[in-house]
Amino acid sequence: MNSGGRSMYTFGHLIQSQIVRNVRKSIFYSVLADETIDISQIEQFSLCVRPNNVRYSTEEEYYRQAVSVPYLDDFCNSLKERFESHKETVAFLQHILPEFCTKIDFCSLEAALNFYEEDLSHKEVMQSEFMLWKDKWSLEKSENLPKTAISSLEICVKTFFPNIYIILKLLTVLPVSVATVERSFSSLRRLKT
């Protein structure tokens, strides 16, 4: 083995040893894995270990630093990546939330409904259902209106509002992402370039 190969092995061994030490010290960690084929048609496998070595004085502080903030950061990045191509369409989906539906008419939903038309009933049925949904929430005080898709979904009666239920369900599941592992492939691609 030449000196360049020996130094690469040494650096790799040092990095691996440090990762193993961090994992052993951490209270919680996760393992992420994904694979892709790179530009030279060679399959690449990425394995990411995320140890949490956060200094904290209370469990609440640990949870905030190690779980909440990274989750929200990843969630925001996932939303940005996921919705970049059709963000306007998805933005119109939020109009189904009680907080917004009382202030808009059915036309405001059309772009989103056209995008998801295979999952929903005919437009006329959807329009009637929306009008009933809007009337239901028009009678409530604004502070009593559900503010999120999840809270709206929890009180949406699927039997009476099947299409509204589907749209709310779509709103709750859209941000699913594997952004962390995908970023490692992007980094690998930059290295190879």
**OP:** Could you please spell out the steps behind the salt bridge (charged side-chain N to carboxylate O under 4.0 Å, His left out) verdict for K123 and E110?
**Re:** CA-CA 9 Å; K123 187 176 181 178; E110 283 196 69; 2.4 Å; yes
Distance check, rounded to the nearest 0.5 Å: [X] atom [atom1] versus [Y] atom [atom2]?
X	Y	atom1	atom2	answer
S151	K147	OG	NZ	9.0 Å
D34	F45	CG	CZ	8.5 Å
I167	C156	CD1	SG	9.5 Å
K158	L153	NZ	CG	9.5 Å
Q44	I37	CD	CD1	10.0 Å
L109	F130	CG	CZ	5.0 Å

For the backbone of [Y] and the side chain of [X], can you confirm whether one donor and one acceptor N or O come within less than 3.5 Å of each other?
X	Y	result
W133	I96	yes
E129	I164	yes
N163	M126	no

Original post:
Once the angle between the rings of H95 and F100 is folded into 0 to 90°, is it parallel (under 30°), tilted (30 to 60°) or perpendicular (over 60°)?
Top reply: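 Geometry flag for F100 against H95: perpendicular rings.
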Can you get from [X] to [Y] by hopping between Ile, Leu, Val, Met, Phe, Trp and Tyr side chains that sit under 4.5 Å apart?
X	Y	value
M131	V157	yes
L139	L97	no
V125	Y116	no
L170	I155	yes

Heavy-atom count around [X] [atom1] within 6.0 Å, excluding the residue itself: above 12?
X	atom1	value
E60	CD	no
E143	CD	yes
I150	CD1	no

Subject >> Shortest non-hydrogen separation from Q18 to R21 and the atoms involved >> reply: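 Closest pair (atom of Q18, atom of R21, distance): OE1-NH2, 2.8 Å.
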